Undergrad: 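Have a look at this one before I ask anything.
This is a predicted model, so every value here is computed, not measured. Just so it is clear: chains get the letters A, B, ... in the order the sequence lines come, proteins before strands, and each one is counted from 1.
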Amino acid sequence: MQSSENIVRKAVKKYGKGRENLLPILQMVRKENNYLSEDQLREIATEMDLSAADVYGVATFYSFMDMQPKGKNIIRICKTITCFMKGKDSIVTALEDALGIKMGETTPDRKFSLLEANCIGWCHKGPAMLINDKVYVELTPEKAIQALEEYR
Amino acid sequence: MVMTRDEKLAKINAHQERVNLIFEKIDTLRLMEKVLTLDNNKILEYIKESGLKGRGGAGFPTYLKWKLAADQKSDVKYVICNADEGEPGTFKDRKILEEQAEKVFTGMAICAKVIGASLGYIYLRGEYNFLVPLLVTKMNVFNDDMKKFGFNFTIDLRSGSGAYICGEETALIESMEGYRGEARNKPPYPAEKGYLGKPTVINNVETLVYCTMIVLNEGKKFKNFGTEISTGSKVFSVSGDADVEGIYELELGMTIQEFVDLFGDGDTKAVQVGGASGFCVPRKKFKETIIGFEGVPTGGSMMLFNSSRSMYHILMNYMEFMQEESCGQCTPCRVGCQQLVKGIQAIKHKKRPASYLDELVKLAKTMRVASKCGLGQSVANPFISIVENFREEIIY
Ligand SMILES: Cc1cc2nc3c(=O)[nH]c(=O)nc-3n(C[C@H](O)[C@H](O)[C@H](O)COP(=O)(O)O)c2cc1C
Ligand code: SF4
Ligand code: FES
């Protein structure tokens, strides 16, 4: 794993120090370890000449800017109405059982975090979920568990 | 009139083929070549004549927005394609971007020529990050093509990070400028003072593709469809208890009844038009309700519910969505959303009398006038339309 200073510097170098680049920089740094540490936020602030509180305020606004250590792979299950009607709860139960964790938790081996999301734009093929950037649709409990295998 | 699923599909497809603007394959390069020779006023005239109104939900006339930005005196202007598509029940922009990215870029380039912008951005919701590689590849080709034409316009891509409010145009600008996605007061409108303080046109993905097609067809065809107030067609995202789900381009101006006959499962009790910020239309109003700006306006989200569904659950789901997605900046919306969620729960669990519902309706009405942006202002739409039409289901 790269040191956090490295990735912060790399990101700032790639996008530039201008304020308007803060989101892409946060996104790139977050991607490295699937979350943003307070140290990284401070480094970003220093590099971009912003206050740490300001950077923290921006990062915490966005639900995908995870601020707690997360697993290597993040599962986000849609909980909005259509997916709910199509059986999202049974998918959650199946995943909780398969992973041995509850919603919101991370597996002890740090491979998976299980989270909920608002409508992810696949309602006509619900229940739907994301694992990292990849989309899984028309889920059944079996299909959802199968999907985990790609990341084991 | 009860149709089988195949009969419904055949009818829907026939309707789609008749319209066929958004997904029609066209030679965008040839069109751009022609556009670059056109007078800007001519282009504006096409857009004006078409009567096109924004397809992102708010329905602002596209011509007026472009004209306002074109009239601003500034060396630097921007075009932004709003691909944040966060409204529950909408997913059409995803398909448009996946299949017709060139037509989206072309719409941005046409706008750029008219208003005098040399930079464009696509603000893509983080949930659609899987589209990034495809879009970047196509974008690079397009940017090269513009260079070859000697047209100074480049498109770049920005990703969101899971915040529905960033689809609101001023929150989107805040987000692009590196701030929390908190909506601004309007005016000034982005067309006057937008990204980095410069005149900025923000249009929905679908709006931009219609602009492309309107210019291609020289202002014709588009306005053959729809009604006087709601000209043209629209891409609908259909989901829920439907025989036919998915993404369909249809004329505006149908009644909900006609829509339900084509898509419903034969037992539709309500249609939520326009997502969690839209209106619930109950069965008894299907025949009289027109889909369009004269009736129920919509960004395209059509969620169907049959008689097995609890309207209480549906309302709770929408209100929890709003509560979570409120940017929290202004009190009426932040506290109002929380109180609406708590309030309907309290009534359901008999901790509050049924008459408390009237207090909540008053609160929602207050939010409509006192909230700073469209999110808080629109919470009353689902709340009042569901509560008034399904009062018993909410209380008992
Ligand atoms: C809470 C909220 C969310 C919005 N989300 C979107 C969105 O995801 N996509 C979109 O095009 N417009 C969205 N809008 C509307 C935009 O503010 C803006 O009106 C629109 O992008 C303008 O483009 P148009 O005129 O082409 O529709 C949203 C508005 C509000 C209040
Ligand atoms: S209405 Fe809601 S979303 Fe809009 S500014 Fe106020 S708190 Fe934020
Ligand atoms: S409701 Fe789940 S993807 Fe839209």
Undergrad: Of the backbone (N, CA, C, O) and the side chain (C-beta and beyond), which part of B:Leu304 lies under 4.5 Å from a heavy atom of chain A, both, or neither?
TA: backbone
Undergrad: Of all of B:Tyr195, B:Phe305, B:Phe130, B:Tyr318, which one pairs up most often with chain A through heavy atoms under 4.5 Å apart?
TA: B:Phe130
Undergrad: Can you tell me which of A:Asn118, A:Asn21, A:Asn132 forms the most heavy-atom pairs within a distance under 4.5 Å of chain B?
TA: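 Greatest number of close heavy-atom pairs with chain B: A:Asn118.
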Undergrad: Which atoms of B:Ser159 come close to chain A, meaning under 4.5 Å heavy atom to heavy atom: side chain ones, backbone ones, both, or neither?
TA: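 Both parts, heavy atoms under 4.5 Å.
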Undergrad: How far apart are the C-alpha atoms of B:Phe321 and A:Ile81, what are their side-chain angles, what is the distance that settles it, and do they pass the side-chain contact (heavy atoms from CB on, under 4.5 Å) test?
TA: CA-CA 10 Å; B:Phe321 173 85; A:Ile81 191 68; over 6 Å; no
Undergrad: Mind checking whether B:Ser161 and A:Gln27 have side chains closer than 4.5 Å, heavy atoms only?
TA: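 Result yes, sub-4.5 Å side-chain heavy-atom pair found.
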Undergrad: Would you mind checking which part of A:Val135 comes under 4.5 Å of any heavy atom in chain B, side chain (CB onward), backbone (N, CA, C, O), both or neither?
TA: side chain
Undergrad: Step by step, would you call B:Arg158 with A:Leu23 a side-chain contact (heavy atoms from CB on, under 4.5 Å)?
TA: CA-CA 9 Å; B:Arg158 287 294 172 96; A:Leu23 223 61; 5.8 Å; no
Undergrad: Hey, could you give me the CZ/CG distance between B:Arg180 and A:Leu22, rounded to the nearest 0.5 Å?
TA: 12.0 Å
Undergrad: Within this structure, what is the CG-CZ distance for the pair B:Leu196 and A:Arg19, rounded to the nearest 0.5 Å?
TA: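 B:Leu196 CG to A:Arg19 CZ: 12.0 Å, rounded to 0.5 Å.
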Undergrad: Once you round to the nearest 0.5 Å, how far does SG of A:Cys119 lie from CD of B:Glu85?
TA: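 Here the interatomic distance stands at 8.5 Å.
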Undergrad: Would you be so kind as to tabulate the donor-acceptor pairs closer than 3.5 Å made by side chains of residues 56-67 of chain A, with sequence neighbours excluded?
TA:
residue	atom	partner	partner atom	Å
A:Thr60	OG1	A:Tyr56	O	2.9
A:Thr60	OG1	A:Gly57	O	3.1
A:Tyr62	OH	B:Ser175	OG	3.1
A:Tyr62	OH	B:Tyr179	O	2.8
A:Tyr62	OH	B:Gly181	N	3.3
A:Ser63	OG	B:Gly162	O	2.5
A:Asp66	OD1	A:Lys70	NZ	3.2
A:Asp66	OD2	A:Arg30	NE	3.0
A:Asp66	OD2	A:Arg30	NH2	3.2
A:Asp66	OD2	A:Arg76	NH2	3.3

Undergrad: Inspect the surroundings of CD in A:Glu150 and state if more than 12 heavy atoms from other residues, nucleotides or ligands are less than 6.0 Å away.
TA: yes
Undergrad: Side chain from CB out, backbone as N, CA, C, O: work out which of these in B:Glu320 comes under 4.5 Å of a heavy atom of chain A, or both, or neither.
TA: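 Contact with chain A: none, neither part.
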Undergrad: Within this structure, what is the CZ-NE2 distance for the pair A:Phe84 and B:His313, rounded to the nearest 0.5 Å?
TA: 5.0 Å
Undergrad: Quick one: pull up NZ in A:Lys86 and OG in B:Ser239 and give me the separation to the nearest 0.5 Å.
TA: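 Rounded to the nearest 0.5 Å, the NZ-OG separation comes to 6.0 Å.
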Undergrad: Pick one of side chain, backbone, both or neither for A:Leu130, based on which atoms fall under 4.5 Å of a heavy atom in chain B.
TA: side chain
Undergrad: Give, as side chain, backbone, both or neither, the part of B:Cys327 having an atom under 4.5 angstrom from any heavy atom of chain A.
TA: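 Both parts, heavy atoms under 4.5 Å.
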Undergrad: Are side-chain heavy atoms of A:Glu20 and B:Met176 found at a separation under 4.5 Å?
TA: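 Heavy-atom side-chain distance check fails, nothing below 4.5 Å.
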Undergrad: Verify, without hydrogens or angle tests, whether B:Asn317 (side chain) and A:Lys79 (backbone) share a donor-acceptor contact under 3.5 angstrom.
TA: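 At least one qualifying donor-acceptor pair exists.
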Undergrad: Which one of B:Arg309, B:Met316, B:Glu324, B:Met303 has the most heavy-atom pairs closer than 4.5 Å to chain A?
TA: B:Arg309
Undergrad: More than 12 foreign heavy atoms under 6.0 Å from NZ of A:Lys31: is that the case here?
TA: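 Not more than 12 within 6.0 Å, no.
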Undergrad: Under 4.5 Å heavy-atom distance to chain A, tell me which part of B:Tyr164 shows up: side chain, backbone, both or neither.
TA: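 Neither; nothing under 4.5 Å.
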Undergrad: Please state whether the side chain, the backbone, both or neither of B:Glu325 comes within less than 4.5 Å of a heavy atom of chain A.
TA: side chain
Undergrad: Parallel, tilted or perpendicular for A:His124 and B:Phe91, by the 30°/60° rule?
TA: parallel
Undergrad: Is B:Asp93 in contact with chain A via its backbone, its side chain, both, or neither, using a 4.5 Å heavy-atom distance?
TA: neither
Undergrad: Could you check whether atom CG of A:Asp109 has more than 12 heavy atoms from other residues, nucleotides or ligands sitting under 6.0 Å from it?
TA: yes
